[in-house]
Every structure is written in C-alpha cells, then in structure tokens.
Amino acid sequence: MLDINFIRDHREVVKQGMINKGEKTADAVDLVIEKDEEWRKLVTEIGNLRAESNSRAKEIGKLMGQGKKEEAQQIINETGQTKEKVKELEQKLETIQKERDDLLYQIPNVPDQSVPVGHTEEDNEVISTWGEPNDEEWRLPHWEFAAEKRWLDFERGSKVAGAGFPFYVGKMARLQRALINFFLNEATDHGYTEIQAPYFVNEDSARGTGQIPDKEDMMYTVPRDGFFAIPTAEVPVTNFHRDEIFEMKDLPVYYTAYTPCWRREAGSYGADVRGLNRLHQFDKVELVKFVHPDESDKELESLREYAESLLQKLKLPFRTLLMCTGDMGFTQIKKYDLEVWSPGQKRWLEVSSCSNFGSFQARRMQIRFRNEKGKTEIMHTLNGSGLALPRVVASILETYQTESGDLIVPDVLVPYMGVEKI
RNA sequence: GGAGGGAUGGCAGAGUGGUCGAAUGCGGCGGUCUUGAAAACCGUUGAGGCUUCGCGGUCUCCGGGGGUUCGAAUCCCUCUCCCUCCGCCA
C-alpha cells in the first residue's frame, strides 16, 4: 500500500500510474483523500475529548490519594456524557478508517519513470537476448522426450494427487535436486543467506505480501488450521522480518530459499498447461532483498543480472523483458521477466520475475530501518526467482537432447549429476 | 491430546486499580577523566498517530481482541503464542 501522505501530495501522479496499470478509473485516489480528511478530523476530536477525561481522571486520582473523597466524587459526577460521546465517535472512526483503508488497498504502486506505458504483453520491451536457439526439426517437446524415458509421470500424478502434480522419476528427480543445489550454492556464493521457510503461512503473512485480499484464489488453503499453502517463498521469507526495525549498518540483507510452491491456477488451459509448462506444485529457488530506499533501483539491476547469470551458466538461450505498466502487477514499481527458449515447443517460457516493490510491501508489513537521523523509515523490498524449476527443466530437456535420444548434462550440473550424459 | 505456569521497553526483570510510558540492572548513544583505551562518574536512550512553519501540545500502544471503571500493565471474558509435566510420535 502507498503512503497516504504521498497520495495527498502526488495526487495526479498516483492517478496516472493507476490508469497506466490498466485500472478502469482512478476515482479511489480522490475518495481516499476525502476519507482521510474525515478520519483526521475525527481523530483530532476524539483526542481532545480523551485529553479532557484523562486530566479529570488524574485529578480524581490525586484527590483520592489525599483522601478527599467528596471532592473526587464531585468531579466524577461532572463527567457527564463524555464517555458515551467518545464511544460513539470511536465507532464512527472505525467505520471511516476501514473505508479509507479499503480504498488505500485498491490503489496500486506507482510505476517507475523508466517503465514503458502499455496495456498488453505486446508492449513489454525486450531489452536483451542471449544465446543462439537451436531449433532443429527433430527436437521433441519435453513431455514427449521424457515420456520415452519414463522420467515424468503425469498419469500417476493425476491418480495420486490431481492434474498438475507430476512425479519426477529416476534421473529426472536427480536433475531437480541438482538444479536446486546449483541454484542455492550460486546464491550463497553471491551473498544471499540461505533459509528454509515454512510451507504454510497464516493469514497475517498472506496479507503482508499482498496475496490477501485480491489474490486469495491463487492459494490452496487448510481451513481447519487457518493456513495457506505458500504460492512462492516470497511470502514466508519477506514476512520473516515483518514488524521489525533494521539498523542501517545491517543493510542490505539478502536471502535465498528453496521451497515448493502451490498455485491453484484456476482457469488455465491448453498449451499453457502441457507438460511442465504450468503446474499446481512446482519447485523454486527464490531471492529476496531488504534494502535502503536509495539503493533499490540499483539492487533491481543486480538482481536481474544475477538471475541472468544462472541461465548463462546453464547455457540456455533466453531473453529479458522489461514489463510494461499494464503487465506488471499491482505491487511493483518495476519488473523484469526472464524467458528461456523452449526449442521443442518453439516458444519462450517465463522462468524468473525480478521485481522492485519500493516501500509498498514493507509499509504493509511495517518493515523499517533507522536512518541517518535515527528516525525509522519504511525500507524497500525486492524479489526474484533464481530460478523456477519446471520450465528450466523443460528447456534443458529440449535444448540438451540429442538426435539419438540422449540427454547431455549441462556442464555446471555434471558435479551434481555425477555423469555427463543420461 | 491432558494438567499446570507464563507473555511488560534492545535484553533481563519489578510493578496487582489512581501523579505509570512504566522502577532497577545490562546493553546502546553523548559527555567528564585519559596520550589513547578500559574502569569510574554524569546525562541520555521505545513505536506510532493527530496538530504546528517550528518550539511545543495531545492521543494510542505493557502478546491480540472484547469488557468492568471517573480511571486498567494491574480486575473479568476470549484468542494466540511460549514454558513445564504426562501421553503420542518422524
């Protein structure tokens, strides 16, 4: 959520940002400012009334201490309806505050100046392409290639759990494990602290990173215990520092975490969900940064470059997109997507998304730091995938297959796989 | 799952209805002393809101929520979490 003071001072900028992100109207901006004015007026009024009754209570206390019961009783008699009045105003305040906050939650983060304005994925900007796609005719889509080897078992996955919950068998399970280890080792070598996080979170955490209220439907739930299965490690890892205050000398803070991710993906169909393209459960190594507000622009670039380096080391051709305003989501200031080439399908697959949230997430979670002047200030958060496994696996299966039906192991994974070819 | 105990400032730990946003100790910061440091001594040190150009004023917060009262850290209800014992268990 945005700072209400920022909205008040930059009304037009916020409105424009909202329109650019594809919202139909920006009326919420004017409404929230109105509500906030009402709210502030009430807060002042209540404050004054409370000051009055506080001083009266103190006076009574003093008199009681001196044993002057009659005088105290006299003041008690004078209190009149202040109490009822305060109660009434408090109820009103609660209503108005809820209305104000509901509006506040409807206003998206303001895109950075450098983000192209646009409404569809056509408007995303390809900022770089790396590697030479190898598009020979004999290359099979990964699900066909893996089926012959019995490496991926979608049928049994469906039997045991449901569509979108495949089994990885034999060498494929090993490849998954190899990639997870490779990604975690690379990240820790680059200054990220590895953490293992809970796979379920409570409602406060889901709210903290913004899955609630608007993206509630994406998560699996455990109603009996009030849990949400994490759709990404971003949720537990960012909430790790919820309601905390950092010292400036401790910044920046980087984390990496491997977790499974669960997504309901309601409404997906067709080629999108063939093979490993889109699953209900998948593995991902996530990267999360907590940084000083002045540094977040720079930190986004280094995050993107780091994620790119992983694909380069795996020698998988990919391209990097700067997402346009309409395609970047509610909470982001700026976002890059990395798409790996899938030669068997002749299409690009998203394997990483690197985002700068500015103070938007941190404000909701009250993650702060003590600045130069010793004042607390909301910090900036970023995150990115480094990387999401299934599509990387898909691309490896298609890029590294040979015409004779073998799979060459990418050089960097050989130490983890123990063999050069499977 | 059963029984009991607890949750107070960065940490430890007092406070059981009134001048308590909260003793004391440790830690942190500033100073005196010192060539420098340590020790000692003095001072200072929670977060957030409203208001103000500023000084300041004022409100809220003692795990969360609700209640009693003129007044709640303190009493009542409820939830969550932690600890101890028993049971179960990868």
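We name chains A, B, ... by the order of the sequence lines, and we start the count at 1 in each one.
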Roughly, in whole Å, what's the span from NZ in A/K87 to C1' in B/rC59?
18 Å
Which one is paired to B/rG1, where only Watson-Crick or G-U wobble pairs with both distances under 3.5 angstrom count?
B/rC86
Of the listed B/rC59, B/rC50, B/rU19, the closest approach to the A/A51 side chain comes from B/rC59
Can you figure out which of B/rG71, B/rU51, B/rC59 approaches the side chain of A/R50 most closely?
B/rC59
Any side-chain heavy atom of A/L316 sitting closer than 4.5 Å to one from A/Y400?
yes
What does B/rA22 pair with, Watson-Crick or G-U, if both distances are under 3.5 Å?
none
Paired with B/rU80: which nucleotide, if any, by Watson-Crick or G-U wobble criteria at under 3.5 Å for both distances?
B/rA7
Looking only at B/rU51, B/rC70, B/rU19, the nucleotide nearest the A/K62 side chain is B/rU19
What is the distance, to the nearest angstrom, from the CD1 atom on A/I378 to the P atom on B/rG49?
9 Å
Strictly by modelled atom types, are A/Q176 and A/D283 linked by a side-chain donor-acceptor pair under 3.5 Å?
yes
Taking atom C1' of B/rC50 as reference, at what distance in whole Å does atom CD1 of A/I4 sit?
14 Å
Does A/R304 pair with A/E308 as a salt bridge, N-O distance under 4.0 Å?
yes
Say you pick atom P in B/rA22 and the same atom in B/rU44; how far apart are they, in whole Å?
13 Å
Could you give the CG-to-P distance, from A/N48 to B/rU60, as a whole number of Å?
12 Å
Run the ring-centre check on A/Y306 versus A/Y192 and record whether the distance is less than 6.0 Å.
yes
Candidate nucleotides B/rU19, B/rC50, B/rC70, ranked by approach to the side chain of A/V43 - the nearest
B/rC50
Rounded distance in Å between the C1' positions of B/rU74 and B/rU8:
11 Å
So what does A/G61 touch, heavy atoms closer than 4.0 Å: a base, only the sugar-phosphate, or nothing?
base
Determine, for A/E38 against A/K35, whether the closest basic-nitrogen to carboxylate-oxygen distance falls under 4.0 angstrom.
yes
Mate of B/rA72 where both pairing distances stay under 3.5 Å, Watson-Crick or G-U
none
Write down the distance between CH2 (A/W39) and C1' (B/rC50), rounded to a whole number of angstrom.
7 Å
Can you tell me how far P of B/rA72 sits from NZ of A/K83, to the nearest Å?
9 Å
Complementary nucleotide for B/rC41 - Watson-Crick or wobble, under 3.5 Å:
B/rG31
Of the candidate nucleotides B/rA47, B/rC70, B/rU60, which contains the atom at the shortest distance from the side chain of A/N54?
B/rU60
Both A/S55 and A/I60 contact RNA chain B. Which one's nearest nucleotide lies toward the 5' end?
A/S55
Rounded to the nearest Å, what distance is computed from the CZ atom of residue A/F227 to the P atom of nucleotide B/rU80?
11 Å
Between atom CD in A/E247 and atom P in B/rG28, what is the gap in whole Å?
13 Å
Just by distance, no angles: are the side chains of A/T331 and A/N109 close enough, under 3.5 Å, to form a donor-acceptor pair?
no
